[in-house]
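For the numbers below, each heavy atom of this structure counts, side chains included, while hydrogens, waters and symmetry mates do not. In this chain, residues are counted from 1 in sequence order. The shown structure was predicted, so the numbers you read here are calculated from the model rather than taken from an experiment.
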Amino acid sequence: MQKIIKVKNYDQLCAVAGKIIGAQMQEKKDSVLGLATGSTMLGVYKELISLYESGEIDFSYVKTFNLDEYLGLPGENPQSYSYYMESNFFNHINIKKENTYIPDGSASDGDEECRHYDDVIESLGRADIQLLGLGMDGHIGFNEPGECFIKDCHRVKLDESTIKANSRFFDDIKDVPKEALTIGVGAIMDAKTALLCVTGKGKSSILKSILEDDITPKIPGTILQLHNNLVVIADEEALSELLA
Ligand code: GLP
C-alpha cells in the first residue's frame, strides 16, 4: 500500500511527519523507531522536540535504531551520524541513551559490526515507523545503486555522487569517508510503516523515478514500491515531476 501526502513546503512536511510519529508514540509508548539523518530530517527532529517539550510525547520507553553511519568516523566526530543524532535530537528529549542504536563507525571490523547491528535490530523487533530520506542517486539509508539488493546490514563503498552531495557537511570533500555501514533493505522493508520524506526541486526527478520506474537495485529506493505500508510526505517542489 502506498500513500502520498502532498504538502506545500518543508515546514509542513516536518509538521506532518512529527504528527505521524507522535501519534504512533501516543498509541504505543514503547514504539521502535528507525531513524535517519541528512538535512531533510533536521526539521522533523525539531518538530518532535517541540512535541516533547509541550508534553505531547514521551520517549521514556521508545527504542531507536539508525539507518547508517560513516565508516572510520568515531562518534565524537561532528560529521558522524552519531554526533548528528545526539546534537540534533537525543540531547533534547528524554530518551534513554541505552535505548538508541547506531552502527559503530569506529569499529575495527566493519563486517563484524554489521552482523552485530543486525542482531541488535532483530532484538528490537520490527520498526513501527522507519523514517527515510532519499539520496540523489535513489539511495535509502546508504543502500547505494548496485547489481542486487542487499538484505542485511553491510559495508558499502559510497558513490562519487553521494560523496559529492554529502561534502556540503564537511570542510573539504577529501574529508568525506569513502565507506559506510548501512542496514540492508530487509530491515527497511520489514518496518510496519516506511515514512519517506522528500523535499525540494532537486529531488523531484529521483522521487518520480523511485515511485514509477521498474524496481531495480540500480535505483535502490524503487524497492519501496513493494513495501506493505509506504507513506511518502513530499512538498510541491519534490512532487512537481511526479504530478506533471
Ligand atoms: C545521507 C543519508 C541518507 C539520507 C540522505 C539524504 O546520504 N545516509 O539516509 O536519506 O543523506 O540527505 P538529505 O536529506 O540531506 O538530502
*Asks:* With the side chain counted from C-beta on, respond yes when F89 and K46 share a heavy-atom pair under 4.5 Å apart, and no when they do not.
*Replies:*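 When only atoms from C-beta onward are counted, K46 and F89 do not touch, as no gap falls below 4.5 Å.
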
*Asks:* Do you know the tightest heavy-atom contact between S39 and R168?
*Replies:* OG-NH2, 2.9 Å

*Asks:* Okay, side chain of T222, backbone of I215: is any donor-acceptor separation there less than 3.5 Å?
*Replies:*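 No; zero donor-acceptor contacts below 3.5 Å.
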
*Asks:* Please name the pair of heavy atoms, one in T40 and one in V44, separated by the smallest distance, quoted to 0.1 Å.
*Replies:* O-CG2, 3.8 Å

*Asks:* Indicate, with yes or no, if the rings of F65 and Y101 have centres closer together than 6.0 Å.
*Replies:* no

*Asks:* Quick check on side chain to side chain contact (heavy atoms under 4.5 Å, CB included): which of L13, L207, I206, I210 does V198 satisfy it with?
*Replies:*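 Checked L13, L207, I206, I210 against V198; only one passes side chain to side chain contact (heavy atoms under 4.5 Å, CB included): L207.
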
*Asks:* Any donor-acceptor pair under 3.5 Å linking the side chain of K203 with the backbone of L134?
*Replies:* yes

*Asks:* On a heavy-atom basis, which atom in Y84 and which in A36 lie closest, and how many Å separate them?
*Replies:*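 In this case the closest contact between Y84 and A36 is CE2-O, 4.3 Å.
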
*Asks:* Provide the closest heavy-atom pair for Q2 versus I4 in the form atom of the first, atom of the second, distance.
*Replies:* OE1-CD1, 4.1 Å

*Asks:* Please give the remaining members of the hydrophobic cluster of L181, linking ILVMFWY side chains under 4.5 Å, ordered by chain and number.
*Replies:* L71

*Asks:* With distance as the sole test, does N66 use its side chain to make a donor-acceptor pair with the main-chain N or O of D68 at under 3.5 Å?
*Replies:*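 No; zero donor-acceptor contacts below 3.5 Å.
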
*Asks:* Look at atom NZ of K19 and say whether more than 12 heavy atoms of other residues, nucleotides or ligands are closer to it than 6.0 Å.
*Replies:* no

*Asks:* May I ask you to check whether R155 and T182 show a side-chain donor-acceptor distance below 3.5 Å?
*Replies:*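 Side-chain D/A pair, R155 to T182: absent.
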
*Asks:* Between P217 and C148, which heavy-atom pair has the shortest distance, and what is it?
*Replies:* CB-C, 3.5 Å

*Asks:* Looking at every heavy atom in both G18 and L51, which two are closest together, and how far apart are they?
*Replies:* O-CD1, 3.5 Å

*Asks:* Could you give all pairs that pass the salt bridge (Lys or Arg N to Asp or Glu O under 4.0 Å) test and reach residues 182-191, with sequence neighbours left out?
*Replies:*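 For residues 182-191, and leaving out neighbouring residues, there are no salt bridge (Lys or Arg N to Asp or Glu O under 4.0 Å) pairs at all.
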
*Asks:* Going through the checks in order, is the salt bridge (charged side-chain N to carboxylate O under 4.0 Å, His left out) test met by E86 and K97?
*Replies:* CA-CA 9 Å; E86 302 271 327; K97 290 286 154 69; 3.4 Å; yes

*Asks:* Do the charged groups of E147 and K218 touch, with an N to O distance under 4.0 Å?
*Replies:* yes

*Asks:* Give a yes or no on whether a salt bridge exists between D58 and K29, defined as a side-chain N under 4.0 angstrom from a carboxylate O.
*Replies:*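 A salt bridge is absent here (no side-chain N lies under 4.0 Å from a carboxylate O).
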
*Asks:* Return yes if some donor-acceptor pair links the side-chain N/O of D235 with the main-chain N/O of G200 below 3.5 Å, else return no.
*Replies:*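 Between the backbone of G200 and the side chain of D235 there is a qualifying donor-acceptor contact (under 3.5 Å).
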
*Asks:* If I take atom CG from residue D104 and atom OG from residue S80, how far apart are they, to the nearest 0.5 angstrom?
*Replies:*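 The OG atom of S80 is 10.0 Å from CG of D104, to the nearest 0.5 Å.
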
*Asks:* Mind running salt bridge (charged side-chain N to carboxylate O under 4.0 Å, His left out) on K157 and E144 for me, showing each step along the way?
*Replies:* CA-CA 8 Å; K157 280 205 183 353; E144 291 281 38; over 6 Å; no

*Asks:* Do S240 and K201 pair up side chain to side chain, a donor and an acceptor below 3.5 Å, judged on atom types alone?
*Replies:*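 S240 vs K201: donor-acceptor pair found between side chains.
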
*Asks:* Do we see a donor-acceptor contact under 3.5 Å between the side chains of D213 and S209?
*Replies:* yes

*Asks:* Look only at the side chain of E69 and the backbone of S82, and say whether a donor-acceptor pair between them is shorter than 3.5 Å.
*Replies:*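 Between the backbone of S82 and the side chain of E69 there is a qualifying donor-acceptor contact (under 3.5 Å).
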
*Asks:* With the side chain counted from C-beta on, respond yes when L33 and L131 share a heavy-atom pair under 4.5 Å apart, and no when they do not.
*Replies:* no

*Asks:* Using only atom types and a distance under 3.5 Å, with no angle test, would you say the side chain of D159 pairs donor to acceptor with the backbone of S161?
*Replies:* no

*Asks:* Is the centre of the F142 ring less than 6.0 Å from the centre of the H139 ring?
*Replies:*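 Centroid distance F142-H139: below 6.0 Å, so yes.
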
*Asks:* Describe, in one word, how the ring planes of Y70 and Y81 are oriented to each other, choosing from parallel (under 30°), tilted (30 to 60°) and perpendicular (over 60°).
*Replies:* tilted

